[in-house]
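Order of appearance sets the numbers: ligands from 1, and atoms from 1 within every ligand.
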Amino acid sequence: MHRFFIEEPYSDTMRVVGGDAKHISKVLRMQPGDELQVVSDDGITALAKVVAIDADSVTVECIEKIAELHEPRVKIVLAQGLAKGEKMDFIVQKAVELGATSIVPVAMEHSVVRLDGAKAAKKVERWQKIAEAAAKQSKRDIIPEVQNLQSMKELLATNGCTTKIIAYECEDRMSLKEALQAAEQNLPGGICDLLLIIGPEGGISPQELELARQAGAVPVSLGKRILRAETAGLVAMSAIFYETGDLG
Ligand code: SAH
């Protein structure tokens, strides 16, 4: 069943507006009486039916709230070193499908791409749209936020996750599995949120690694092969969700 996000709090009657309203009426050609799922901006998912279709909005009436949860127990914030070209589009889309709660593009020392203020804001807007489409497609209960472009310093100063992991291509002692098991044991109630830092194509600089270490991030290996920037985050997220029991 199709799922739409609504920009208002839950109530018995709500309105879908903008591109989604057009999608319902013009592309899906839904009619009054047809059923769909809606997620209000206070996070409530409901089965609803179309009651009216206007030029720029679709009014829906909620039939019942749906208690099904699609969110993982461990909230992952993926901090991704800015990668080239369309790689970031791919990373954002896949990270949202897998279950990331938020994505932070990080301008790292070895990032080949440099984005200034206006360009960065435009890119973030684009990635947010990609996140929204992926959230709908994968039936997430939230739209993950793509945060503003930051430096490693800014990221570490503002991020409040209790577990922090940095995938470091030169790490040969600590595995991701060991780091996760240690965090699960040491935290009362286990891991609840996790900052996952992944480098760009050029890798993580020694200074960035040191900053991350000082902020409490554990450098981990993702195995014996070097993964590309657009692969590493997805592999690490899959492994984290597997290890924390979220992949079924
Ligand atoms: N240019 C670097 C590779 C960068 S890979 C080199 O040739 O060594 C991009 C990012 O993916 C890395 O910064 C790291 O965060 C992650 N990564 C890739 N393979 C990894 C591995 N085997 N272990 C840990 N992290 C890895």
Practice task
Run the salt-bridge test on Asp89 and Arg126 with the 4.0 Å N-O cut-off and return the result as yes or no.
Solution key: yes
Exercise for the section: Using distance alone, with no hydrogens and no angle criterion, decide if Ser221 and Glu171 have a side-chain donor and acceptor under 3.5 Å apart. Expected result: no
Exercise for the section: Using a 4.0 Å heavy-atom threshold (strictly under), name the region of Lys224 that reaches ligand 1: side chain, backbone, both or neither. Expected result: neither
Practice task
Look at Arg173 together with Glu178 and state whether they make a salt bridge at an N to O cut-off of under 4.0 Å.
Solution key: no
Practice task
Return yes or no for this condition: an N or O of Ile197 is under 3.5 Å from an N or O of ligand 1.
Solution key: no
Practice task
Could you tell me whether Lys136 and Asp20 make a salt bridge, using a distance below 4.0 angstrom between a side-chain N and a carboxylate O?
Solution key: yes
Practice task
With heavy atoms under 4.0 Å as the rule, classify the contact between His110 and ligand 1 as side chain, backbone, both or neither.
Solution key: neither
Fill in the blank from the handout: Closest heavy-atom approach to atom 24 (C) of ligand 1 among Leu222, Ile226, Val235 is made by Leu222
Handout entry: For Gly202, the ligand 1 atoms whose distance to one of its heavy atoms is below 4.0 Å
Key = 1 (N)
Problem - Minimum-distance protein heavy atom relative to atom 10 (C) of ligand 1 - result: Gly199 O, 3.5 Å
Fill in the blank from the handout: Ala167 heavy atoms within 4.0 Å reach ligand 1 at atoms 14 (C), 15 (O), 24 (C), 25 (N)
Handout entry: Any donor-acceptor N or O pair under 3.5 Å, side chains Glu243, Gln181
Key = yes
Problem - Nearest protein heavy atom with distance in Å, relative to atom 2 (C) of ligand 1 - result: Glu201 O, 3.8 Å
Exercise for the section: Indicate yes or no: does an N/O atom of Glu169 lie under 3.5 Å from an N/O atom of ligand 1? Expected result: yes
Problem - Within reach of ligand 1, part of Pro200 (heavy-atom separation under 4.0 Å) - result: backbone
Practice task
Scan the protein's non-hydrogen atoms and note whether one is under 4.0 Å from atom 7 (O) of ligand 1.
Solution key: no
Problem - Where ligand 1 meets Ala232 - atom numbers and elements under 4.0 angstrom, heavy-atom basis - result: 11 (O), 16 (C), 17 (N), 18 (C)
Handout entry: Ligand-side contact atoms (ligand 1) for residue partner Val220, heavy atom cut-off under 4.0 Å
Key = 24 (C)
Handout entry: Enumerated ligand 1 atoms positioned under 4.0 Å from heavy atoms of Ile204
Key = 13 (O), 15 (O)
Handout entry: Pair Ser40-Asp42, side-chain donor/acceptor within less than 3.5 Å
Key = yes
Practice task
Run the salt-bridge test on Glu71 and Arg140 with the 4.0 Å N-O cut-off and return the result as yes or no.
Solution key: yes
Handout entry: Six-ring centre of Tyr10, Lys65 cation under 6.0 angstrom, axis tolerance 45°
Key = yes
Exercise for the section: Determine whether the side chains of Ser57 and Arg15 contain a donor N or O and an acceptor N or O closer than 3.5 Å. Expected result: yes
Completion exercise
min-distance protein heavy atom vs atom 5 (S) of ligand 1 -> Leu227 O, 3.1 Å
Problem - Contact with ligand 1 for Arg225, non-hydrogen, under 4.0 angstrom - result: yes
Handout entry: Atom CD of Glu7: over 12 foreign heavy atoms under 6.0 Å
Key = no
